Amino acid sequence: MSETRFDPSQADGRWQRAWDEAQTFRADDASERPRCYVLEMFPYPSGRIHIGHVRNYTMGDVIARYKRMRGHEVLHPMGWDAFGMPAENAAIEQKVHPRSWTYQNIANMKAQLKRLGFALDWSRELATCDPAYYGHEQALFIDLYEAGLVYRKESAVNWDPVDQTVLANEQVIDGKGWRSGAPVEKRKLSQWFLKITAFAQELLDGLDKLDGWPEKVRVMQENWIGKSQGLQFGFTLSDGSKLEVYTTRPDTIFGASFVAVAPDHPVAQAVAENDPQAAAFIELCKQGGTTAAELETAEKLGYDTGLKAIHPFTNDRLPVYIANFVLMEYGTGAIMAVPGHDQRDFDFASKYGLPIRRVIAPSAAEAGAPLSEAYTGDGVCVNSDFLDTMPTDVAKREVIGRAEQHRWGEGRTVWRLRDWGVSRQRYWGTPIPFIHCEKCGVVAVPKDQLPVVLPEDVDISQPGNPLVRHPTWKHVHCPSCGGAAVRETDTLDTFVDSSWYFLRFASQPADKPFDPEVVAKWLPVDQYIGGIEHAILHLLYARFWTRALARIGKLEVTEPFASLFTQGMVTHETYSREEHGREVFYSPGDVLRTATGATLKDGSPLTIGRVIKMSKSKKNTVDPDEIVARYGADAVRWFMLSDSPPERDLPWSEAGIEGCWRFVQRLWRLFGQHDAGASGEDKALARKTHQAIAAVAEDIEALAFNKAVARIYELTSAIEKAPPSAERNAAIRTALLLAAPMMPHLAEEGWAALGQQGLVADASWPETDPALLVEDEVTIAIQHKGKLRDTLTAPKGASTEALEALALGSEKVQRSLGGAEVRKVIVVPDRLVNIVT
RNA sequence: GCGGGCGUGGCGGAAUGGUAGACGCCGGGGACUUAAAAUCCCCUGAGCUUUGCUCGUGCCGGUUCGAGUCCGGCCGCCCGCACCA
């Protein structure tokens, strides 16, 4: 082989075409091999892939290629989360149809992904905006409707009166529409809902079995579902009416010293009608911040309504307050307040001079202990009549039991989880397949008339939903009575699209959403990889949708993702300077970076800012296309895997990618040193080679790509230092195979140069020889009083006595001992000797 | 405030309770070259009285023959959030 350099500009494309032509990465449903489904969260086709996508897809690609080498039939698909608002915004701004904008973006991004050499089965590519996809989604939606899991109800939305559109919560900034700047109104609209709450317990229980998921994500989902168990009961008020409250601590009922209702509770509203001061207080509560931190530190405020609530056991008359810390959305919007055992109630009672009674103590003997803050732990009841001495859990059951027996309350489980509102008053989404008939009400579109296709000829330029003002599209005949009727003009939340795409990847027949038998072969996804930002909504909705389909008999799988990995972001320094009193950012391409600072190309100095997530506004982005053109796909992929553990942020650096480029060339030169005529034996190198095979495999399976990369560097260095030998040739081949999942183009080029048959993409992972995995000589650390004094070499498996003698024979150890008496010698075979004096 | 995570060289980071700093980046020195690029070699935690010794994994304590790792208490940073009764 010549001493030329590896040239990715021609090699990358050549091997990408070779994989395409051989259909190397096409997954075979009928394969007898063990299966592996590797999936990365599919992208929104915004126009360009960003470096975060590159990192995400490179990780998945390494696993997919590695699993193939280990003999698995791998499903590694890609598609497009293609509905959503950016297409409509682009339509307004650029006068281009959402459809053509989206498909143009898909074409661009697909070409970008191809240039990175990902081992994807493109035959299964799908776009959610394709009627061939969303038509099946409509059918599934109707199935869920017929199973009673879809319903309609009136619900408040954020309405932008200028744009005539509904806004998502994140599009409302300081109460104003993000685009129009107009104050957002709350409007009641009839909306479609999915009954995710019917699965709350299942979704919660399922989390326990998801041991392939990060603990963090499971905790976030658990909190989101938010199960609590307690007592709901009615206070009789002094005006004779009833006030329902909910508490998780019925055992503290004898400590209740007031009752509080939310400012928007009907009782508060009723009081305000005749009491201007109450009305003013309610207004006051509506102001102020809503962030978690602000709420936690906000002062507890209340307004005494003058009403009294009758305690069900003691008949005490408790004051009823309107309180800013009580939420209408949770429980019944009213609470019994127990200052002794709830910190919020404690703060409130302290401020308004209400009684603070201890009714729970760590032990009965501490019944009189004073409270300087709320005691929220468990214990035994004290000062609580018939509950005294009962432990917390027994007392809870006792109070609920009595309430139920005397019919003034009952045990109740409250969930934070709400049903999933899926109506969007937008054009670019899956049409909800229903028809409104004056006579027949809401009627599902018959399945043989699906898909309900979005009309192409829409006027996007005006505000509002174009489906509503389309001249013909919505006017149809009722499928039931044949009379004049109108289509539903709402479209589905795009989270619905992404709640089942992984099923469609596994099986995509033309006549139905998927074939459950084929799906059962592939699902659950063995490794799902994506951003932490989807920890709750997407992942919870996908789990729900899968369970819902299982419940109505469409699927056998209940949990879609066996293992989940959330990767870190790609970050970069920022460069900026003050211009006319504003901080102006410059992109890395315009900046000269030295070891000590950064300047513009004209030499003017810049401030180097923090390393933060790449974003357009801070101009600290790098363009994947540019760097692939400069360094080739393999150097970029290698960088994505090197150094930082994959769950942490990866700081992009020019020096780092340069280093990767150098290593690509270094490996290439190594391939050129394969010497067919080499003789001589190199047992030590053979050992290192086999240890590297085992270590890299272990690291890839643990997704510790940075460690796998380090192992390959180590092996490469060892080979470079070794003289020619048969083992060295084998080591070169092995290094190529170990690097192949990460640098597939270089590996193919090297494989061909070494005269190997076929594609390295089809090669097997090298076997390890167990005899070569263990060393026959080990380095023993010799410590005196726990401090290292010497290191000695000993045969592996040397006896305790031999090691002890060896250690005591060391000159350095003797010097350290200085004649002191040896009291004890600790020997850890094959590792260390510690001499204690 | 609560929950979760993390603190190791100039930087990214390694390290089943057993030789702290693997591997990479940066930096320094050298070789090759007319020169440069490319490449290769060596050094690179701190300090000191430098054949060697001492200190060193945010801080304080504990367990242990032995602690970056385990336990208790602090400090700092990051992420998430729901005043959830």
Side-chain angles (χ1 to χ4, degrees), chain A residues 3 5 214-220 222-224 226-228 230-232 245-250 252 260 262 290-298 300 323-327 329-338 341-345 347-348 414-416 532-533 535-536 568 571 594-595 611 638-639 642-645 647-660 662-663 665-666 669 704 706-714 716-717 720 779-792 812 815-816 823-828 830-837:
Chain A
E3 268 293 308
R5 300 179 120 207
E215 180 65 17
K216 174 167 63 167
V217 175
R218 289 194 285 174
V219 168
M220 283 164 79
E222 189 179 329
N223 290 341
W224 187 263
K227 181 181 185 176
S228 77
L231 169 69
Q232 181 170 328
V245 301
Y246 173 74
T247 178
T248 56
R249 294 298 300 271
T252 63
T290 51
T291 68
E294 281 173 317
L295 290 172
E296 285 290 349
T297 49
K300 307 283 177 278
N324 64 344
F325 67 91
V326 180
L327 303 176
E329 302 80 52
Y330 192 79
T332 61
I335 61 166
M336 73 165 197
V338 184
H341 304 285
D342 181 290
Q343 192 57 42
R344 294 159 299 176
D345 300 350
D347 296 344
F348 191 93
V414 168
W415 303 86
R416 198 187 91 86
I532 187 68
E533 66 273 21
I536 297 176
T571 58
T594 64
V611 176
W638 188 251
F639 185 89
S642 302
D643 294 354
S644 288
E647 70 277 10
R648 287 205 216 163
D649 290 350
L650 171 69
W652 174 266
S653 78
E654 201 65 26
I657 185 69
E658 291 279 354
C660 294
R662 283 197 298 271
F663 184 65
Q665 298 303 337
R666 199 172 140 201
R669 283 193 301 276
N706 57 322
K707 287 160 69 179
V709 162
R711 296 290 183 191
I712 293 171
Y713 274 117
E714 269 176 324
T716 304
S717 297
E720 284 168 343
T779 306
I780 307 290
I782 314 296
Q783 298 179 335
H784 172 214
K785 292 195 286 190
K787 282 185 183 169
L788 185 72
R789 295 298 155 180
D790 200 0
T791 54
L792 299 170
K812 289 176 184 174
R815 206 181 320 138
S816 173
R823 296 209 338 255
K824 196 171 167 188
V825 179
I826 288 160
V827 179
V828 181
D830 295 335
R831 286 214 81 111
L832 119 171
V833 178
N834 187 12
I835 299 161
V836 186
T837 56

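Within every chain, numbering begins at 1; the chains are lettered A, B, ... in the order of the sequence lines, protein sequences first and strands thereafter. Quick caveat, the model's predicted, so the values are computed rather than measured.
Comparing G13(B) with C78(B), their P atoms are spaced 15 Å from each other, to the whole Å. G10(B) and A46(B) have their C1' atoms separated by 13 Å, with the value rounded to a whole Å. U44(B) and U49(B) have their C1' atoms separated by 24 Å, given to the nearest Å. Separation of the P atoms belonging to C55(B) and C6(B) is 30 Å when rounded to the nearest angstrom. Spacing between G1(B) and U69(B) at atom C1', rounded to whole Å, works out to 31 Å.
Contact annotation for Tyr713(A): backbone-only contact, meaning every heavy-atom pair under 4.0 Å involves sugar-phosphate atoms and none involves a base.
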Test side chain to side chain donor-acceptor pair (under 3.5 Å) on His341(A) and Thr252(A); report intermediate values, then the result.
CA-CA 8 Å; His341(A) 304 285; Thr252(A) 63; over 6 Å; no
Scan nucleotides 6-22 of chain B nucleotide by nucleotide, 5' to 3', and note B when protein non-hydrogen atoms come under 4.0 Å of the base, S if they reach only the sugar-phosphate, - if neither.
------BSSSB-BB--B
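Scanning for salt bridge (Lys or Arg N to Asp or Glu O under 4.0 Å) contacts around Asp830(A) gives Lys796(A), with sequence neighbours left out. When the side chain to side chain donor-acceptor pair (under 3.5 Å) test is applied to Asn706(A), no partner is found at least two apart in sequence or on another chain. Remark: Thr779(A) engages Thr791(A) in a side-chain contact (heavy atoms from CB on, under 4.5 Å) (not counting sequence neighbours). With sequence neighbours excluded, no residue satisfies side chain to side chain donor-acceptor pair (under 3.5 Å) with Asp345(A).
If you check G52(B), C26(B), U54(B) against the side chain of Arg789(A), the one that comes closest is U54(B). Counting only heavy atoms from C-beta on, Arg666(A) has its side chain closest to C40(B) among C25(B), C40(B), C83(B).
A sub-4.0 Å separation between OP1 or OP2 of C55(B) and a side-chain N or O of Lys787(A) is present. Contact between the side-chain N/O atoms of Arg669(A) and the OP1/OP2 oxygens of C40(B) is found at a separation under 4.0 Å.
Side-chain to base pairing of Lys216(A) with C79(B): no donor and acceptor N or O lie closer than 3.5 Å to each other.
Using a 90° window around 0 for the glycosidic torsion, G9(B) falls inside it and is classed as syn.
A donor-acceptor pair under 3.5 Å is formed between the side chain of Ser717(A) and the backbone N or O of Tyr713(A).
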Using Watson-Crick and G-U wobble pairs whose two distances are both under 3.5 Å, how do you write the pairing of RNA chain B as dot-bracket, with | for links to another strand?
(((((((..(((.....[....))).(((((.......))))).((((...))))..(((((..]....))))))))))))....
